[in-house]
Asks: 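Mind having a look at this structure? Questions to follow.
Note: hydrogens, waters and symmetry copies are ignored here, and every other heavy atom, side chains too, is used. Worth saying up front: this structure is predicted, and the values here are computed from it rather than measured.
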Amino acid sequence: MPLKPLPLPDPGSPDLSSPLAFLRWLQRSQRRGQVLSTCWALLEMGCRAALPLPLGQGVQAAVDGDAAGIWRAGAFALALSAVAAGGTVLLHRQAVWNWITAATQVRQLVARQASRLGAGLSRRIATGEIVAVGSGDVEKIGWYVELVARVRAAVLVWLAVSAVVLTVQPLLGLVVLLGVPVLAGSVWPLLGPFEKRYAEQRALGGKATELAADTVAGLRVLRGIGGEELFLARYRAASQKVRAAAVRATRLSSLMQAQQVLLPGLFVVGVTWYGAHLAATGRIGIGTLVSVYGATAFLAAPLRILGEAAHAWSVARVSAGRATRVLSLTRTSGSPDASPARPERADLHDPLTGLTARAGELTAVVCGDPDFAGELAERLGGHVPSAEGEAPAPQQQAVRLGGIPLDAVPLAEARAAVLVHDKEPVLLSGTLAELLDVPASGRIEAAEALAAARAEDVLDALVDGSPDCGGDPMRAVITERGRSLSGGQRQRLALARSLFADPPVLVLDEPTSAVDAHTESRIAAGLRRSRAGRTTVVLATSPLLLDQADRVLLVHQGRVTASGTHRELLHREPLYRAVVTREEDPAPVATLPAGVKEAV
């Protein structure tokens, strides 16, 4: 079997109508793997099911004193054992292939969905939920998809063994034919309660993961305010809830597993006792008894597979339900045919706030609520998805680029037209050249973008920390999330990446919050030069950035209330002056009505 490169070139378009439909789609997407796994399972289990036949023949030959019959039976048993061993190796390899492929496929689908929805994903689904789906849930789904082929083979072998035993001893064959499904079905009454408890455990685990992620992300702040013990107590309480839920689910799981051992064992004992009774009364021979006993004892293996399948189905359905909830999120319901012509010459307009960024200008936006500024930046980039079952925002409230609703523009075109530079952008590990390996217009060179972001000292720090780069900053290595750099250095590298990309419309959310005033002044001048002729929106309250803007907009209570240059607004708008200069002012600062905030 040739190895398959991962990740997959295209994970496909899943059926998200229900968890069961999603699982069936995964099985159909690996038809060849499922067929091969079923064939190897049939070969392996068929040989093991047939092995009692030569053993019984050998015993009968020994009773009859037939030496040649003993040798023939031994050779037959050896051949079956060799083929069964080969089938076991091939089955294991194919089963692992099916498992990994299914898990990888789901993981790629989740990653693709996160990429499609952008920063708005975490506002619809908790971060812990996404992490749980991308880690534990994909393993459970892969387990079930892999197991389906072995279940098919187990059912076919059970029917074959029942048919053989029916021809030898009809009553025993009838017991085998009817007993296996009865024993397999005995576990089903436990599946509903187990599935409910397992779903509760996974939900609590997702919340605990989310709490841990938030705590780690804000650890520096927590240390500064002495809040570590408070959040530690919260996480301890959350983890204890997860532990208690896991114990409740495990109790039922252990009972299900005990049934898989106890009931087949009792079944084999009962069939063997009856067969021994038939042999004692002379109705069947000793060799036939051995064959029937061996075939019946083998049926414990298919029973275990059926029990495992019931367990796998219960956890996979919960995991598939969580996966479909994430994958069912939609970004827009707009027309895929809409496309803004010449976005570099198009105004960016938000009907909800009244904000308009004129084409080719540097527009600054001032609002006193940092959370609203971040939500507004996401909204301007069209990064706010609609949750499953939730009606999308009215089309008349959608952000428009050149008069076209941005939510109706195909995702690839929207991302190419408008780039949102987050307040806390992520730097992936790799070289500086790899960091700047992004789709770009080609109008700005990498060196020019780095100079505009005033990243000279950052390049020196990278070279000093990468002795193998030979003095070439582009070959210098950036550690994961840029942890070896200061906050200001990371911020300037991320800004340089956005400037190098040179999108037609660039939205920046506090791009200089972590640098000193002198550096900020130089960055503001470099930003204006590098973005000349392009549409740029900067959400900031720094006078150094605001003074470089062609126009400044003041957002108060979710609406644009004033516009002008920085100096004009300082003289005529007390609220603007209070926000920018941090002066005391009796007027409230940019609070949001509930309805406006929910719409954003």
Side-chain angles (χ1 to χ4, degrees), residues 343-344 348 357-366 373 377 380-381 417-427 431-463 472-474 476 478 482 485-553 565-567 580:
E344 66 274 10
L348 184 68
R358 297 171 183 166
E361 289 188 359
L362 174 59
T363 303
V365 180
V366 174
L380 292 176
V418 182
L419 172 64
V420 177
H421 177 91
D422 294 332
K423 185 177 298 184
E424 297 180 359
V426 175
L427 301 180
T431 64
L432 181 57
E434 292 171 337
L435 178 71
L436 298 177
D437 185 17
V438 296
S441 67
R443 190 176 69 98
I444 297 180
E445 299 294 332
E448 184 181 352
L450 290 165
R454 296 300 178 227
E456 297 88 352
D457 63 313
V458 185
L459 301 182
D460 293 339
L462 290 175
V463 170
D472 183 4
M474 300 304 290
I478 301 172
L485 303 173
S486 67
Q489 289 174 327
R490 290 194 298 270
Q491 195 173 60
R492 281 177 284 162
L493 271 188
L495 177 60
R497 179 176 58 187
S498 297
L499 295 177
F500 175 69
D502 191 37
V505 181
L506 177 61
V507 179
L508 301 168
D509 184 10
E510 293 288 358
T512 58
S513 59
V515 300
D516 58 78
H518 176 66
T519 304
E520 185 178 32
S521 175
R522 299 172 65 196
I523 291 175
L527 174 64
R528 182 173 181 82
R529 285 194 304 270
S530 63
R531 293 293 299 172
R534 296 289 200 181
T535 305
T536 308
V537 180
V538 182
L539 292 101
T541 56
S542 167
L544 297 173
L545 281 174
L546 300 175
D547 196 40
Q548 292 289 339
D550 297 302
R551 194 164 59 106
V552 181
L553 305 177
T565 66
H566 168 60
R567 298 176 189 272
V580 172

Asks: Side chain to side chain contact (heavy atoms under 4.5 Å, CB included), that's the test. Do I478 and L435 meet it? Break it down for me.
Replies: CA-CA 8 Å; I478 301 172; L435 178 71; 3.6 Å; yes
Asks: Output the distance between atom CZ (R529) and atom CG (L362), rounded to the nearest 0.5 Å.
Replies: 13.0 Å
Asks: Any donor and acceptor pair, going by atom type alone, linking the side chain of R531 with main-chain N or O of T535 inside 3.5 Å?
Replies: yes
Asks: Would you confirm whether E361, through its side chain, and R358, through its main-chain N or O, come within 3.5 Å as a donor-acceptor pair?
Replies: no
Asks: Any chance you could measure L485, atom CG, to D457, atom CG, to the nearest 0.5 Å?
Replies: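 Here the interatomic distance stands at 9.5 Å.
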Asks: Is the closest side-chain heavy-atom distance between L462 and P473 below 4.5 Å?
Replies: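 No; the side chains remain at least 4.5 Å from each other.
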Asks: Of the non-hydrogen atoms in L495 and P511, which two are nearest, and what is the gap between them?
Replies: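 That would be CD1-CB, 4.3 Å.
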Asks: Going through the checks in order, is the side chain to side chain contact (heavy atoms under 4.5 Å, CB included) test met by L539 and L508?
Replies: CA-CA 6 Å; L539 292 101; L508 301 168; over 6 Å; no
Asks: Out of the candidates T363, L527, V365, V552, only one should pair with V538 under the side chain to side chain contact (heavy atoms under 4.5 Å, CB included) rule; please name it.
Replies: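 Among T363, L527, V365, V552, the one meeting side chain to side chain contact (heavy atoms under 4.5 Å, CB included) with V538 is L527.
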Asks: What's the separation between atom OG1 in T565 and atom CG in D550, rounded to the nearest 0.5 Å?
Replies: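 Going from OG1 on T565 over to CG on D550, the span is 10.5 Å.
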Asks: Shortest non-hydrogen contact from P503 to A417?
Replies: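 Between these two residues, the closest heavy atoms are CB-O, 4.5 Å.
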Asks: If every non-hydrogen atom of P543 is compared with every non-hydrogen atom of H566, which pair is closest and at what distance?
Replies: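 Heavy atoms of P543 and H566 come nearest at CB-NE2, 3.9 Å.
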Asks: Quick one: does R528's side chain have a donor or acceptor within less than 3.5 Å of a partner on Q548's backbone?
Replies: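 Confirmed, R528 side chain pairs with Q548 backbone.
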Asks: Is the number of heavy atoms from other residues, nucleotides or ligands under 6.0 Å of E445 CD greater than 12?
Replies: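 Count not over threshold, so no.
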Asks: What pairs with D472 under side-chain contact (heavy atoms from CB on, under 4.5 Å), at least two apart in sequence or on another chain?
Replies: M474, R475
Asks: Considering non-hydrogen atoms only, spot the tightest contact between V537 and A357 and give its length.
Replies: CG2-CB, 3.5 Å
Asks: So which atom in L499 and which in S530 form the shortest heavy-atom distance, rounded to 0.1 Å?
Replies: CD2-OG, 3.7 Å
Asks: Does R497 form a side chain to side chain contact (heavy atoms under 4.5 Å, CB included) with L427? I'd like the steps, not just the answer.
Replies: CA-CA 10 Å; R497 179 176 58 187; L427 301 180; 4.1 Å; yes
Asks: Look at the side chain of T536 and the backbone N and O of L506, then say whether any donor-acceptor pair between them is shorter than 3.5 Å.
Replies: no
Asks: Going from CZ on F500 to CG on L436, what distance comes out if it is rounded to the nearest 0.5 angstrom?
Replies: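 Interatomic distance, F500 CZ to L436 CG, rounded to 0.5 Å: 6.0 Å.
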Asks: By side-chain contact (heavy atoms from CB on, under 4.5 Å), which residues pair with V515, not counting sequence neighbours?
Replies: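 Scan of V515 (side-chain contact (heavy atoms from CB on, under 4.5 Å), adjacent residues dropped) gives Q491, R492, T512, T519, E520, I523.
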Asks: To the nearest 0.5 Å, tell me how far L432 CG sits from L459 CG.
Replies: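 One finds 6.5 Å between CG of L432 and CG of L459.
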Asks: Is there any salt bridge (Lys or Arg N to Asp or Glu O under 4.0 Å) pair reaching into residues 432-444, and which pairs are they, with sequence neighbours excluded?
Replies: R443-D502
Asks: List the atom of A524, the atom of L544, and the distance in Å for their closest heavy-atom pair.
Replies: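 In terms of heavy atoms, the two residues are closest at CB-O, 3.6 Å.
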Asks: Find the distance between CG (L553) and CZ (R551) and round it off to the nearest 0.5 Å.
Replies: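 These two atoms lie 4.5 Å from each other.
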Asks: With a 4.5 Å limit on heavy-atom distance, are the side chains of L450 and E456 in contact?
Replies: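 A side-chain contact under 4.5 Å is absent here.
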Asks: Are L348 and L380 side-chain neighbours, meaning at least one heavy-atom pair lies under 4.5 Å?
Replies: yes
